[in-house]
Amino acid sequence: MKKQLSLVLLASALGLASLPAFADCVSSAQAVESDISKLSSQVKKEKAQRSISLAVESAQSGNEAACEKHFKEAKRIAGIRGEAVSSR
């Protein structure tokens, strides 16, 4: 079951890679996930991870603006600077 889910997620990510702006948002969001996982505050970590999840969901639904908004919110919560989302 986990292997099938991983394959579905990988296929989704590869499908998004064909859409440059969305892929940038998703890849930027994924790039800061490791920094978010290192946060000492569990509350901040959960809020930032939720924002990352919302960013990916927004990208998958075709809403680039919402993806960028949630990505920036996750960075703000986590106190991460840099790693900007590039647009088309």
Side-chain angles (χ1 to χ4, degrees):
M1 182 70 176
K2 287 183 182 181
K3 186 174 182 177
Q4 290 173 331
L5 180 59
S6 295
L7 291 174
V8 169
L9 292 174
L10 177 62
S12 296
L14 291 175
L16 289 175
S18 65
L19 304 170
F22 296 132
D24 289 344
C25 182
V26 171
S27 63
S28 294
Q30 291 171 338
V32 299
E33 275 187 305
S34 64
D35 293 332
I36 290 171
S37 68
K38 296 174 188 174
L39 290 173
S40 58
S41 169
Q42 188 63 28
V43 172
K44 284 185 178 182
K45 185 186 303 186
E46 288 174 6
K47 286 181 179 181
Q49 287 175 333
R50 177 68 182 144
S51 291
I52 291 295
S53 295
L54 290 171
V56 172
E57 289 173 17
S58 297
Q60 289 173 340
S61 68
N63 190 342
E64 177 184 3
C67 181
E68 290 181 16
K69 175 185 156 228
H70 292 300
F71 169 66
K72 289 176 184 176
E73 178 67 10
K75 285 183 16 180
R76 185 193 64 74
I77 292 167
I80 299 169
R81 302 199 189 284
E83 196 68 41
V85 176
S86 60
S87 58
R88 290 185 192 186

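For clarity, every value in this text was computed on a predicted model and none was experimentally measured.
Of the possible donor and acceptor atoms, one in the side chain of Lys45 sits under 3.5 Å from a partner among the backbone N and O of Ser37.
The shortest non-hydrogen separation linking Ser28 to Phe71 is O-CE1, 3.3 Å.
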**Request:** Check the pair Ile36 / Ile80 against side chain to side chain contact (heavy atoms under 4.5 Å, CB included), numbers first and verdict last.
**Result:** CA-CA 9 Å; Ile36 290 171; Ile80 299 169; 4.0 Å; yes
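For the atom pair Lys69 NZ and Ser58 OG, the distance stands at 8.0 Å (nearest 0.5 Å). Note: Arg76 CZ to Lys47 NZ = 8.5 Å, rounded to the nearest 0.5 Å. Between Cys67 atom SG and Lys72 atom NZ the span is 10.5 Å, to the nearest 0.5 Å. One distance of note links NE2 of His70 with CD1 of Ile77; it measures 10.5 Å at 0.5 Å rounding. The distance from atom NZ of Lys75 to atom OG of Ser51, rounded to the nearest 0.5 Å, is 12.5 Å. One distance of note links CD of Glu33 with OG of Ser53; it measures 7.0 Å at 0.5 Å rounding.
Both Ile52 and Leu39 are assigned to one and the same hydrophobic cluster, defined by single-linkage of ILVMFWY side chains at heavy-atom distances under 4.5 Å.
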